[in-house]
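Here the structure is a predicted model, which is why all the values come from computation and not from measurement. Computed from heavy atoms alone, side chains included, the values below leave out hydrogens, waters and symmetry copies.
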Amino acid sequence: MESIEQFIKGIDENILGILITSLIAFISWLAKGLIETPLLASKEVFYKFLERRIELLSELKVRLSLIAYFPLDDGNEFKEQIQSILLKDGKAAYLDNDMLNAILKISIDPNSDEQLILGTIKHIDEDLKLQIGKIQESNQFFNKYSNTQPSKRIVSFLLLTLSYLFTIGAIFIFIILFIRFIVFGNVFIQIISSIVALSILYALNKWITK
């Protein structure tokens, strides 16, 4: 330890400042490469997938509605269109297994099952509501914190920064209190604190991935 301290003290202050600045810059670059870049790439893929899924669900919903509204003879044409949509460009991959099986059954069954058709349309509506809701949340966030006027833009940036700092501070205090309970509490408090901590982590994971 003494040799390391002597070595640091022996380094020129200017050189030490350059080394520290370079180290901070390297850590920032590394953090950006490991965290920000994968997140941006994942976001781009996510929105491309979301856009194509919404388009596909909308096309299928229209044709299923037409099958439900028209007689069987006229509905056969729309069933063929559904088959053509699912066979083109691998679009079937954007559907979950239950929805894909239901739509395939409707498209190949000469006798239209009205209950199955209406249930599938309801399923599509719920899915569309969920997917479109995610886009609306992003749009609302963008509209709230992006402004063309410089003054409003600065205020929006400050509000967003303060909200992040407040959240980080609250989480940090919460973690400190939990550590205090776990380290200095009795065995019962330690067990309860550990269970609560695991439950909170599980709930947060569910909430984030929802």
With D96, which residues qualify under side chain to side chain contact (heavy atoms under 4.5 Å, CB included), at least two apart? R53, D98, M99, H123, D127
Would you find a donor on one side and an acceptor on the other, under 3.5 Å apart, between the side chain of D109 and the backbone of K105? no
Who pairs with L104 by side chain to side chain contact (heavy atoms under 4.5 Å, CB included), at least two apart in sequence or on another chain? L86, L100, S107
Verdict with reasoning, L60 to T120, per side-chain contact (heavy atoms from CB on, under 4.5 Å): CA-CA 10 Å; L60 294 174; T120 305; over 6 Å; no
Who passes salt bridge (charged side-chain N to carboxylate O under 4.0 Å, His left out) against K88, sequence neighbours left out? none
Give, for atom CG of L56 and atom CG of L95, the distance between the pair rounded to the nearest 0.5 Å. 5.0 Å
Would a hydrophobic clustering, with Ile, Leu, Val, Met, Phe, Trp and Tyr connected at side-chain separations under 4.5 Å, put L66 with I108? no
What distance do I103 atom CD1 and I121 atom CD1 have between them, rounded to the nearest 0.5 Å? 10.0 Å
4.5 Å side-chain heavy-atom contact, D113 and I106: no
Of all heavy-atom pairs between L50 and Q131, which one has the smallest distance, and what is that distance? CD1-OE1, 2.5 Å
Excluding sequence neighbours, so at least two apart, what forms side chain to side chain contact (heavy atoms under 4.5 Å, CB included) with E59? E55, R63, I85, K91
Residues pairing under ring-ring contact (aromatic ring centres under 6.0 Å, His included) where one sits in residues 85-120, two or more places apart or in two chains, turn out to be F49-Y94
Any residue meeting salt bridge (charged side-chain N to carboxylate O under 4.0 Å, His left out) with D125, in chain and number order, not counting sequence neighbours: K61
Got more than 12 heavy atoms from elsewhere within 6.0 Å of CD, E126? yes
Closest non-hydrogen contact found for L57 with I124 is O-CG2, 3.7 Å
